[in-house]
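Throughout, a chain's letter reflects where its sequence line sits, starting with A, and its residues are numbered from 1.
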Amino acid sequence: MPELPEVETIRRGLALKVSGRRIVRAELRRPDLRRPFPPLLERRLTGARIGALARRGKYILLELDDDGILLLHLGMSGRITAGAANGEDARHDHVVLTLDDGTVVRFNDARRFGLLDYLRRGEEARHPLLAGMGPEPLEPGFDGPYLARALDGKMTSIKAALLDQRIVAGLGNIYVCEALYRAGLSPRRLAGTVAGTRAAKLAAAIRAVLHEAIEAGGSSLRDYVQADGELGYFQHRWAVYGREGEPCPGCTCAEGVRRIVQSGRSTFFCARRQR
DNA sequence: AACAAGACCTGCATGC
DNA sequence: TGCATGCAGGTCTTGT
């Protein structure tokens, strides 16, 4: 899935096509994704006018004119397309919205790790999926001192800590690997030892890699396209992710990028440049 | 309480 | 060709 840059890219692309439009038809083609759809979702969506689109971490919040909010998460393989047919296997088009200008919005998710929920405006802070989520890394306030405080005393690895959405919202496996590489920190380092200058450097690296990825339209993976079907291209700029055995940029060590498994997930790093 | 491991799903690449 | 295995952007639940 899409991590923060991909979700942000989708949010922007989708907003251009759906903001201000009315939903004339809502089809739920199965009863659930990762969890059951909320009750009456089909009825709540039908006839609603779509307002602004917001993002919190990896969630998209689609505001509706009846004071409702449609909450979307893409899981690992979720795609949202608006307009032409998405070229995907229609078996996995689980939710299809038709808008008043004829635009068709499809939520396609082969693995079904995604989710949809419905909440009332003002409930965001109390919603179980959103409450407790850490700060937005691109907002003011996400800096070295915050990160050092959040990591203080943590006995898990810095890799695992950064994947924890309560510490910082929106990072996933790719951008955690890339940020740790840029900050020169080993993914195996104890989270609690990241403080002071190290924390400041890490916070800056997280912000920089996310900014650059958003600029590039995200990273295109097997299951990801932007709302208009275009491909992002940040994957060409990955320094370590998916590059096992290759030299990292500007590094002369013979070993190259290593892959290890941490809490069941691949971590890519350079043992020489990351300590 | 904090942490690690397992579970949830499908599709694809690889190797025999 | 067919089959088994391992791997994939996430996070929720279970067990220690």
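Between C:dA8 and A:R111, no contact under 4.0 Å exists linking OP1 or OP2 to a side-chain N or O. The phosphate of C:dC12 has OP1 or OP2 within less than 4.0 Å of a side-chain N or O from A:R34. Residue A:S263 places no side-chain N or O under 4.0 Å from the OP1 or OP2 atom of B:dC3. At B:dC9, none of the side-chain N or O atoms of A:H92 fall inside 4.0 Å of OP1 or OP2 (strictly under the cut-off). For A:R112, a side-chain nitrogen or oxygen approaches OP1 or OP2 of B:dT10 to under 4.0 Å. Look at A:Q165 and you'll find a side-chain N or O under 4.0 angstrom from OP1 or OP2 of C:dT11. Close to B:dG11, at under 4.0 Å from its OP1 or OP2, lies no side-chain N or O of A:S77. Look at A:R91 and you'll find a side-chain N or O under 4.0 angstrom from OP1 or OP2 of B:dG11. Considering only side-chain N and O atoms, A:K58 lies under 4.0 angstrom from the phosphate OP1 or OP2 of C:dG10. Applying the 4.0 Å criterion to OP1 and OP2 of C:dC7, one finds that A:R259 has a side-chain N or O inside that range.
No hydrogens or angles considered: a donor-acceptor pair under 3.5 Å links the side chains of A:H127 and A:D117.
Within the nucleic acid shown, A:G264 has no heavy atom closer than 4.0 Å to any nucleic acid atom. A:Y175 comes within 4.0 angstrom of no nucleic acid atom, judged by non-hydrogen atoms across all strands.
Whole-Å rounding puts the A:K159 NZ to B:dC3 P distance at 16 Å. Rounded to an integer number of Å, the gap from A:I60 CD1 to C:dG10 P is 15 Å. Distance A:R79 CZ to C:dG10 C1': 17 Å, rounded to the nearest Å. Summarising the geometry, the separation between CZ on A:R166 and C1' on C:dG10 is reported as 14 Å, rounded to the nearest angstrom. Atom-to-atom, CZ of A:R35 to P of C:dG10 comes out at 18 Å; the value is rounded to the nearest Å. When rounded to the nearest whole Å, the span between CE of A:M76 and C1' of C:dT11 equals 10 Å. A straight line from CG of A:L33 to C1' of C:dT11 spans 14 Å, rounded to a whole angstrom. In this entry the distance linking CD of A:E6 with P of C:dG10 reads 9 Å, nearest Å.
A salt bridge is defined here as a Lys NZ or Arg NE, NH1 or NH2 lying under 4.0 Å from an Asp or Glu carboxylate O, and A:E136 with A:R56 meets this definition. Note on A:D93 versus A:R91: no salt bridge recorded, every NZ/NE/NH1/NH2 to OD/OE distance being 4.0 Å or above. With respect to A:E123 and A:R126, no salt bridge is recorded, no charged nitrogen being found less than 4.0 Å from a carboxylate O. For A:E27 and A:R25, the salt-bridge test passes: some basic side-chain N is under 4.0 Å from an acidic carboxylate O.
Set against C:dC12, C:dG10, B:dT10, the side chain of A:A110 has B:dT10 as its closest nucleotide.
The aromatic rings of A:H92 and A:H94 stand perpendicular to each other, their planes meeting at an angle above 60°, with 30° marking the opposite boundary.
Shown here, B:dC12 forms a base pair with C:dG6; the pair counts as Watson-Crick or G-U wobble because both key distances fall under 3.5 Å.
When the P atom is compared between B:dC9 and C:dT14, the two are found 14 Å apart, to the nearest whole Å. Comparing the P positions of B:dG6 and C:dG6 gives an interatomic distance of 14 Å, to the nearest angstrom.
With centroids closer than 5.5 Å and planes inclined by less than 30 degrees as the test, A:F113 and the base of B:dC8 pass as a stacked pair.
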